[in-house]
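Letters go in sequence order (proteins before strands), and every chain restarts at 1. We use all heavy atoms of the structure for the numbers below, so side chains are in, but hydrogens, waters and symmetry mates are not.
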Amino acid sequence: MSEQAGFTFDPGKPVPVHLETGEDAATGDARVEDATDGGARSPAPVPRPRPFDGEGEEMPNTADARRERIETAWVRAWGKGDVDALDGLLSPAYLRHGTDPHPQGPDVLKAAIVSTRAAFPDLTTVIDDIVIEGDRAAIRWHSSGTHENAFLGVPPTKRRVDIGGATFARFDGDLIAEEHVTWDPRALLVALGIISLGQD
Amino acid sequence: MTALASTPDLDVMKRVNRQFVTGVTVVTAMDGDTPRGLAVNAFSSISLDPPTVMVCVQHTSSTHDCLFRADHLAINILSTGQLDVVGTFAAKSAGKFADLDWESGPFGSPLIARSSAQMEVRIRERLRASTHTVFVCRVVHAAVTELPPMVYSAGSFFDGGALTSLG
C-alpha cells in the first residue's frame with residue numbers, strides 16, 4: 001500500500017470514478033499516454049490516437065492505443081506493483097475467466113498480483129506478443145522469479161521458476177471488459193513441482 | 001462390521017487406521033546446516049523401477065517447511081533396536097540429533113545408524129493434500145541390513161523379526 005501512496009509521477013492517472021462517470025475515451029487515452037511518457041519525452045510529436053466512434057472496423061491507431069495501454073498497465077502493475085494502474089485498462093465490470101469456475105473481478109486480479117510479487121520479489125514479466133484484431137487482443141507473455149516467501153500457503157522453496165501464458169482480452173470501448181487467461185497463480189507452484197490436490 | 005455413511009465418523013476412521021500395520025520410518029533432511037526429522041509411518045513404495053517412494057508429512061511438523069527448500073531427504077526404516085530413536089523423533093523437541101549416531105548420506109541427508117534400511121531420495125513432486133503434503137521421491141541411494149524392522153500397530157511397537165507366519 002505504501003508503494004501506491006507514494007506513487008507520485010502520475011498526476012493525470014485515471015481513477016475508477018472518472019471512468020465510471022462516462023469520461024470520454026479520447027481523454028482517457030491521453031491520460032494514460034501522459035503517464036507513460038512521464039516528463040522524459042515531449043508529448044507533442046506523438047499523434048493522439050482517437051477512438052473510432054462508429055460500428056465496424058477499428059482505425060489502426062486505435063489498435064496502437066490499445067497495445068500501448070496494455071503495455072503500460074502491465075509494466076506498472078506486474079513490473080512495479082502499481083496495481084491501480086489497471087484501473088486505466090480494465091472496466092469496473094471486468095471479468096477474468098481462468099481455471100477457477102467463477103470469473104474474477106479487478107480486485108481479485110490486483111490481489112493476486114500483489115501476493116505473487118510478495119512471494120517472488122524478483123519477478124520479471126516480459127510481454128512477447130500483442131496481437132490486436134477488432135475489439136480483441138491476444139497477449140503472450142513469460143515471467144521468471146525466485147520463490148522467496150510463502151505463496152498460497154506453500155513454504156518458500158527458494159527456487160527459480162520460469163513460466164509463460166496467454167491472455168485473450170475483449171475491449172469494450174477503451175477498457176477491457178473480459179479476459180480469458182491460460183494461467184492462474186497456482187501455475188507458479190506447479191512449475192515448482194507443487195501440486196494442490198482437489199479442495200473440498 | 002460397522003456400516004459407513006458418506007462421511008465416516010472420525011473415531012471409526014481412527015479404528016480403521018489402527019487395523020493397518022506398518023513399519024516405522026524417520027524422515028530426515030538438512031535445513032541449511034541444521035538436521036531435522038520426524039517419525040513417519042505414512043511411507044510407501046510407489047514403483048520399483050524407477051525406484052520411487054512417497055512419504056506424507058503433516059503441515060504442523062517442524063520438519064515440514066524445510067522439505068520445500070531441500071532437494072533431498074532420507075528415509076530411515078527403523079529396526080527393533082531403535083525404540084530410543086522413535087521416542088526422540090515422535091516428540092516435538094529441538095536437538096533431536098544431539099545424542100544420535102548419524103552420518104550424512106551421499107546427498108547430505110542424515111542417515112541414522114542402526115536402522116534396518118536407509119534411503120536417500122530426491123524430492124520430485126510435492127502434493128498438497130489438506131493437512132499433509134505428500135512427497136513423491138526418486139531413490140538415489142539405498143542401503144539395507146539384516147537388522148529386523150520395527151513394526152507399528154495400533155499405537156504399539158513390535159518385533160518385525162518375530163512375526164508368526166500364517167502359512
Is atom CZ of B/Arg18 surrounded by more than 12 heavy atoms (other residues, nucleotides or ligands) closer than 6.0 Å? no
What part of A/Val190 gets within 4.5 angstrom of chain B, counting heavy atoms only: side chain, backbone, both, or neither? neither
Leading residue by heavy atom contact count with chain A [cutoff under 4.5 Å; candidates B/Val134, B/Leu67, B/Asp65, B/Val136]: B/Asp65
Under a 4.5 Å side-chain heavy-atom rule over Ile, Leu, Val, Met, Phe, Trp and Tyr, are A/Ile176 and A/Phe168 clustered together? no
Whatever's closer than 4.5 Å to a heavy atom in chain A on B/His59 counts as neither
A/Asp172 atom CG: more than 12 heavy-atom contacts under 6.0 Å: no
Do B/Phe68 and A/Ile194 have side-chain heavy atoms sitting under 4.5 Å apart? yes
Is A/Lys158 salt-bridged to B/Asp71, cutoff N-O under 4.0 Å? no
Pairing residues for A/His142 by the side-chain hydrogen bond (donor to acceptor under 3.5 Å, both in side chains) criterion, not counting sequence neighbours: A/Asp128
Side chains of B/Arg128 and A/Ser196: donor-acceptor distance under 3.5 Å anywhere? yes
Tell me whether the count of non-hydrogen atoms from other residues, nucleotides or ligands lying under 6.0 Å of CG in A/Asp162 goes above 12. yes
Got a second to check how far A/Ile195's CD1 is from B/Thr133's OG1, nearest 0.5 Å? 11.5 Å
When you measure from the side chain of B/Arg69 to the backbone of A/Pro155, do you find a donor-acceptor pair of N or O atoms at a distance under 3.5 Å? no
A/Trp141-A/Phe120 co-clustered via ILVMFWY side chain contacts under 4.5 Å: yes
